[in-house]
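Heads up: the structure comes next, in structure tokens.
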Amino acid sequence: QYVIKVIVQTIQLLYTMLKIDQPSYILLQNPPGLPSIAVAWVACLFWRSKLIIDWHNYGYTIMSLNHGRNHPLVQIAKWYEKLFGRLSDYNLCVTNAMKEDLWVNCNIKAVTLYDKPASYFKETPLELQHHLYMKLSTLRKSFFRSTESVGLNAERSAFTEVDEKNGHVIKTRGRPALLISSTSWTGLETNIFLSSPDYEQYINEGVKLPSLVCVITGKGPLKDYYNGLINKLHFKHIQICTPWLEAEDYPLLLGSADLGVCLHKSSSGLDLPMKVVDMFGCCLPVCAIYFECLHELVKHDENGLIFRDSNELAEQLKMLFLGFPTLEGKLHNFRKNLRASKQLCWDESWDQTVLPLFGQNE
């Protein structure tokens with residue numbers, strides 16, 4: 001099946017690429033690189049174009065998650081990726097760690113071009129937050145609080161309400177903390193969320209912590225299985241919901257949340273989670289699980305925290321949310337640091353890093 005798939009895709013890709021107008025450059029993102037690296041190289045020979053490979057990870061390491069690193073197919077993919085990777089004219093990569101690995105292990109010279117968030121990932125104004133919460137409240141009770149005690153005409157979510165005196169949106173007193181995470185619903189990632197009841201226990205012991213609304217987005221093979229486990233949990237102070245979000249609502253929710261949690265672990269240990277890049281674009285502090293090059297993005301105790309297991313995550317949540325929402329010490333400082341950090345937008349980063357490779361001034 002692998003062989004047939006590769007042959008068919010090779011024919012389709014080559015046919016398509018030989019029909020286009022002659023390009024000066026062909027820019028290829030890897031992975032996926034099998035068979036696209038070889039096909040792009042052949043197309044460049046035909047068109048006398050230059051090949052640029054944008055390394056986001058190694059395809060063979062992703063394949064090894066299912067087959068193991070010593071599987072013959074994985075070893076063939078590794079050999080292929082290194083061989084044809086060397087035939088490119090220019091190389092981009094997403095971390096300095098990957099830049100070093102490409103040079104040491106593949107003899108490939110690359111330039112680091114960090115991922116940047118799209119322009120629509122930004123902090124969400126309070127009025128838009130309220131509109132989003134009211135919209136989601138029709139689907140998820142976690143976002144809704146009864147309006148009976150504040151009048152029939154009052155609009156109130158779990159996090160925001162409209163002030164009846166002046167019509168302005170304000171945050172509700174004693175509101176829960178909103179935590180958001182995106183996951184591919186693998187066992188390792190999801191178990192971190194579900195295996196530790198420590199946060200609930202802290203509240204039961206009298207620690208002044210807010211209730212938590214945990215929104216988990218994403219899709220994956222075990223989503224239905226874990227949804228079943230979530231429905232069996234009987235937390236009193238934690239609500240976990242897994243809503244389907246429209247594309248335009250996801251950045252709005254990131255820009256409204258109090259904390260992001262990243263459970264991504266790189267298959268190669270050399271790429272960075274795009275979900276954290278998007279969270280930082282919204283000035284959202286992050287707790288992220290440790291892997292080798294994460295420090296290139298998450299600066300521990302500066303724009304977020306790094307944890308290694310569910311117990312450490314629970315301790316970090318306790319520290320960050322103690323006295324919330326009245327006291328937002330570290331959370332406030334992390335957000336302040338994210339606002340203050342001058343980040344290049346995507347266009348500026350491209351002009352500064354990539355254009356010089358082309359020898360162009362404009």
Would you call [X] and [Y] a side-chain contact if the rule is heavy atoms closer than 4.5 Å?
X: I306; Y: I289; value: no
X: Y60; Y: Q75; value: no
X: S211; Y: Q239; value: no
X: L179; Y: L317; value: yes
X: I108; Y: I53; value: no
X: L259; Y: F334; value: no
X: M319; Y: E315; value: no
X: H295; Y: H300; value: no

What distance separates [X] [atom1] from [Y] [atom2], expressed to the nearest 0.5 Å?
X: D89; Y: L357; atom1: CG; atom2: CG; result: 11.0 Å
X: N66; Y: M63; atom1: CG; atom2: CE; result: 9.5 Å
X: H332; Y: N337; atom1: NE2; atom2: CG; result: 9.5 Å
X: T160; Y: L128; atom1: OG1; atom2: CG; result: 11.0 Å
X: E292; Y: K265; atom1: CD; atom2: NZ; result: 8.0 Å
X: I180; Y: L254; atom1: CD1; atom2: CG; result: 4.5 Å

Ignoring hydrogens and geometry beyond distance, is a side-chain donor-acceptor pair present between E161 and Y133 at under 3.5 Å?
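On atom types as modelled, these side chains do not qualify, holding no pair under 3.5 Å.
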Donor + acceptor pair across side chains of Q352, E348 (<3.5 Å)
no
So, the side chain of D278 versus the backbone of P117: is there a donor-acceptor pair under 3.5 Å, distance only?
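Checking the backbone N and O of P117 against the side chain of D278, no donor-acceptor pair under 3.5 Å is found.
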So, the side chain of W47 versus the backbone of M17: is there a donor-acceptor pair under 3.5 Å, distance only?
yes
Checking R308 against Y290: charged group under 6.0 Å from the ring centre and within 45 degrees of the axis?
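Yes, a cation-pi geometry.
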Around atom [atom1] of [X], are there more than 12 heavy atoms from other residues, nucleotides or ligands closer than 6.0 Å?
X: H131; atom1: NE2; value: no
X: K82; atom1: NZ; value: yes
X: N70; atom1: CG; value: no

Given L338 and L284, is the side-chain contact (heavy atoms from CB on, under 4.5 Å) satisfied, shown in steps?
CA-CA 8 Å; L338 286 167; L284 178 64; 5.7 Å; no
Begin from the C-alpha positions of R156 and V162 and carry the test side-chain contact (heavy atoms from CB on, under 4.5 Å) through to its verdict.
CA-CA 7 Å; R156 187 171 187 177; V162 176; over 6 Å; no
Transitive ILVMFWY side-chain link [X] to [Y], under 4.5 Å:
X: V6; Y: I76; value: no
X: L92; Y: F84; value: no
X: L322; Y: L313; value: yes
X: I216; Y: L263; value: yes
X: L83; Y: L13; value: yes

Specify the closest pair of heavy atoms between [X] and [Y], including all atoms of both residues, with the distance to one decimal.
X: A158; Y: P176; value: O-CD, 3.3 Å
X: V169; Y: L126; value: O-CD2, 3.2 Å
X: A257; Y: R335; value: O-NH2, 3.1 Å
X: T172; Y: S157; value: CG2-O, 3.8 Å
X: C93; Y: D54; value: N-OD1, 4.5 Å
X: C262; Y: F307; value: O-CZ, 4.1 Å

ILVMFWY clustering at 4.5 Å (side-chain atoms), partners of V8
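Via sub-4.5 Å side-chain contacts, V8 links to I4.
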My understanding is that a hydrophobic cluster links ILVMFWY residues whose side chain heavy atoms are under 4.5 Å apart, including indirect links. Using that, what else belongs to the cluster containing I170?
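ILVMFWY cluster around I170 holds nothing else.
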Indicate the ring-plane relationship of W346 and W350, choosing parallel, tilted or perpendicular according to the 30° and 60° boundaries.
tilted
Give me the ring orientation class for H67 and H71: parallel if the planes are under 30° apart, tilted from 30 to 60°, perpendicular past 60°.
tilted
State which residues pass salt bridge (charged side-chain N to carboxylate O under 4.0 Å, His left out) with D271; sequence neighbours excluded, sorted by chain then number.
none
Using the salt bridge (charged side-chain N to carboxylate O under 4.0 Å, His left out) criterion, which residues pair with K135? Sequence neighbours excluded.
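With sequence neighbours excluded, K135 shows a salt bridge (charged side-chain N to carboxylate O under 4.0 Å, His left out) to E246, D249, given in chain and number order.
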List the steps, then state whether side-chain contact (heavy atoms from CB on, under 4.5 Å) holds for E127 with H130.
CA-CA 5 Å; E127 290 76 12; H130 180 69; 5.8 Å; no
Residues two or more places apart in sequence or in another chain: which of them pass side chain to side chain donor-acceptor pair (under 3.5 Å) with [X]?
X: S256; result: none
X: E123; result: R339
X: N303; result: none
X: S268; result: N57, S266

Would you please name every residue forming a ring-ring contact (aromatic ring centres under 6.0 Å, His included) with F291, sequence neighbours left out?
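Scan of F291 (ring-ring contact (aromatic ring centres under 6.0 Å, His included), adjacent residues dropped) gives H264.
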As a quick check of understanding, evaluate side-chain contact (heavy atoms from CB on, under 4.5 Å) for Y120 and Y250, giving each step before the final call.
CA-CA 10 Å; Y120 47 79; Y250 178 66; over 6 Å; no
Could you give all pairs that pass the side chain to side chain donor-acceptor pair (under 3.5 Å) test and reach residues 90-101, with sequence neighbours left out?
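Passing the test, one end in residues 90-101: W55-N91, Y58-D101, S88-N91, N96-T112, N96-Y114, D101-N105.
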In residues 28-45, what donor-acceptor pairs under 3.5 Å come from side-chain atoms, sequence neighbours left out?
| unit_1 | atom_1 | unit_2 | atom_2 | d |
| --- | --- | --- | --- | --- |
| N30 | OD1 | G33 | N | 3.1 |
| N30 | ND2 | E81 | OE2 | 2.7 |
| S36 | OG | P32 | O | 2.9 |

Could you list all the salt bridge (charged side-chain N to carboxylate O under 4.0 Å, His left out) pairs where at least one residue sits in residues 293-302, not counting sequence neighbours?
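Residue pairs passing salt bridge (charged side-chain N to carboxylate O under 4.0 Å, His left out), neighbours aside: D301-K330.
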